Structure formats: structure tokens, C-alpha cells
Amino acid sequence: MIRGAALALVLAGSPEGASATITQARFDEPTTRYDHGVLGDEIEYGALVLTTTRGPLRIRLPEDRVFEDIAPRLADLDADGAPEVIVVETDIERGARLSVYGEDGLIAATPYIGTRHRWLAPVGAADVDGDGRAEIAYVETPHLGKILKVVRLEGDRLLPVAQTSGMTNHRIGDAFIQGGIALCGGRLVFLTADADWSRVMATELVEGRLRSHSIGTYRGAESLEGPQGCS
């Protein structure tokens, strides 16, 4: 469990000791204690609320952290048949990190970027390379460094898999993140824009390396909502 966070579990009729499965997740406790405003306003969130088969679970961050994200994402990252929750969690002084939560609290996280007002934008999570293990992709500093990174959950760590530069999926002030994971030409790919928002990019993970190619001209957010040849 994360240091300094309050976590309360309310049981909902399941036998004591039964394992809980997360079925839904949402952010709560809006706050203005962090003044970044990268998503179009200065309201972030102080709590993550999980709906589980044993009842609701609220994970409350300490005052020096917020959830700086549009919504939690559910994905089975350890192949046990039950989802984990992927979020962007930001330290007011050290910037954002990608965090994975479960019914017992924090499971794993990437290092904080290291500087105030530095953020990352998730792309998605899936078994992109077909090896039976899910990968998580995100763009670190999509407005500055524009680095597409891929990590994988291994126990209580998020281990780096691969990365490449020159990719982005968010414009400052947008209340949404563009792109995602799509099936293009029979392969799962990470969909982003290139660094100057001129091309739609499809990035494959092949033998531990990222391989990117353009699949069209970027003409606005709709360009990344199902490019030709992708579903």
C-alpha cells in the first residue's frame, strides 16, 4: 500500500476472506491543490474508488499527490483473469508516474518523471506482441520529450520493455487523450501522432523492439479514431 494513503474497504455480503475482483473504477474527491491544468482545468482528484465483488474500496492519496488523469483504465495485467487499474498519479513536486492499483492498494508504479508540471498520457494496455503477457504503453511528456514507452507488470514492478521518441497523443489543454491500441493490418499496434502532429503513426512491438510507420495524414482527433485499415 502507498505510504501516507488512507484505504478503506467496505464488505458487501461476500464471505470473509474471499478474494475481491474489481469490476469498476472512478475518480472522486476533486481538488485544486495541484496547479498544472494540463487537461484543460485545474481540477484533479484525490481519491480512486473501486467497485469490487466484496464491496466498495476508496484509495485516498496524501495531500502531496493527485490523480491527474481523465479516467481509470481496467486491464488484466498479470493474466489471472481479474483486472488491475491503471492511472496517472502525480506528485506535486516530482511530476507524474504511471501507477497500477489492485484491491489491496498500489501494486507497482514507474518512477516519477522527476520535475513539477511534467506529465504522461497513457495509450492503452493489451498483449500487443502475442506472448501472453499484457503490455502498457504511454507517452512520457507528450508536449516536450514525446517518448512512447512500453512497460510490463512483473510482480510488484513495472519493468521497461521498449521505447521510441517522436510520438505524441495529447495537446496541452485537451480534456481527452488521442489514439490508443487498434488492430491494423492484422496486428495490434499503438496508435499515436508523430511529434509535429502531421502523421498518424502505428507502432508495433516486435521481439522487444518498437517499429513505427505512418498510416496516414493527421487531420484532427478523428484521424486517430479508426484510421483506414484499422479497427
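The structure displayed is predicted, hence computed values, not measured ones.
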*Hey, is the main chain of P83 close enough, under 3.5 Å, to the side chain of D76 for a donor-acceptor pair?*
no
_Heavy-atom side-chain proximity of T90 to R94 below 4.5 angstrom_ = no
_Would you compute the distance between atom CG of L39 and atom CD1 of I177 and round it to the nearest 0.5 angstrom?_
6.5 Å
*T23 side chain near T53 side chain, heavy-atom distance below 4.5 Å*: yes
*Among the clusters formed by ILVMFWY side chains lying less than 4.5 Å apart, do V123 and L188 turn up in the same one?*
yes
*Looking at Q163, R118, R97, K149, which hits side-chain hydrogen bond (donor to acceptor under 3.5 Å, both in side chains) with E140?*
K149
*State, with a plain yes or no, whether a side-chain heavy atom of H143 is found less than 4.5 Å away from one of H170.*
yes
*Given E84 and I22, is the side-chain contact (heavy atoms from CB on, under 4.5 Å) satisfied, shown in steps?*
CA-CA 7 Å; E84 287 72 43; I22 298 168; over 6 Å; no
*Do you reckon W119 sits in the same ILVMFWY cluster as V100, going by side-chain contacts under 4.5 Å, direct or chained?*
yes
_Testing the 3.5 Å rule here: is there a donor-acceptor pair between the side chains of Y45 and E89?_
no
_Pair E68, H36: side-chain N/O donor-acceptor within cut-off below 3.5 Å_ = yes
*Qualifying residue for side-chain contact (heavy atoms from CB on, under 4.5 Å) with V150, from V161, D129, V128*: V161
_Which atom of A137 lies closest to which atom of L148, heavy atoms considered_ = CB-CD1, 4.2 Å
*Is there a side-chain contact between R73 and V85 (heavy atoms, below 4.5 Å)?*
no
*T31 versus G46, closest heavy-atom pair with distance*: CG2-N, 4.1 Å
*Tell me, yes or no, whether the heavy-atom count around E222 atom CD, taken from other residues, nucleotides or ligands under 6.0 Å, exceeds 12.*
yes
*Do H117 and Y34 have ring centres separated by under 6.0 Å?*
yes
_Please report the interatomic distance CZ(R219) to CZ(R199), rounded to the nearest 0.5 Å._
8.5 Å
*Rounded to the nearest 0.5 Å, what separation is found between the CG atom of D28 and the CD1 atom of I59?*
12.5 Å
*asked:* Minimum heavy-atom separation for I181 and G124, please, with both atom names.
replied: CD1-C, 3.4 Å
*Any chain of hydrophobic side-chain contacts (each under 4.5 Å) joining I113 to V66?*
no
*Identify the two heavy atoms, one from N169 and one from P142, that lie closest to each other, and give their separation to 0.1 Å.*
OD1-CB, 3.8 Å
*L57 side, atom CG; L48 side, atom CG - distance, nearest 0.5 Å*: 8.0 Å
_Any heavy-atom pair between the side chains of F27 and V49 that's under 4.5 Å?_
no
*With the 4.5 Å side-chain cut-off for hydrophobic clustering, are Y138 and L159 part of the same group?*
no
*Do the side chains of L153 and I107 get nearer than 4.5 Å, heavy atoms only?*
yes
*asked:* Would a single hydrophobic cluster contain both I136 and L120, if residues Ile, Leu, Val, Met, Phe, Trp and Tyr are joined by side-chain heavy-atom contacts under 4.5 Å?
replied: yes
*Taking all non-hydrogen atoms of both residues, which atom of L191 and which atom of A182 are closest, and how far apart?*
CD1-CB, 3.6 Å
*Taking all atoms of both residues into account, what is the closest heavy-atom pair of R58 and A47, and its distance?*
NH1-CB, 4.0 Å
_Value rounded to 0.5 Å, distance of CZ in F176 from CD1 in I70_ = 9.5 Å
*Does the pair K146 and T141 meet the rule for a side-chain contact (heavy atoms from CB on, under 4.5 Å), with working shown?*
CA-CA 5 Å; K146 303 180 180 181; T141 57; over 6 Å; no
*Would you please test I172 and D174 for side-chain contact (heavy atoms from CB on, under 4.5 Å) and show each step?*
CA-CA 6 Å; I172 293 176; D174 282 352; over 6 Å; no
*For M167, does its backbone N or O pair with a side-chain atom of D194 as donor and acceptor, under 3.5 Å?*
no
_One pair to check against side-chain contact (heavy atoms from CB on, under 4.5 Å): R152 and L158. What are the steps and the verdict?_
CA-CA 5 Å; R152 184 180 291 123; L158 286 175; over 6 Å; no
*Heavy-atom count around R33 CZ within 6.0 Å, excluding the residue itself: above 12?*
yes
*Would you indicate whether the side-chain heavy atoms of C230 and I215 approach each other to under 4.5 Å?*
yes
*With a 4.0 Å cut-off, would you call E204 and R209 a salt bridge?*
no
_Sidechain-backbone polar pair: T32 side chain, I43 backbone, donor-acceptor under 3.5 Å_ = no
*Measure the spacing between CZ of F190 and OG of S212 and express it to the nearest 0.5 Å.*
10.0 Å
_T21 side chain reached by T52 side chain, heavy atoms, under 4.5 Å_ = no
*Is a donor on one side and an acceptor on the other found under 3.5 Å between the side chain of D91 and the backbone of G95?*
no
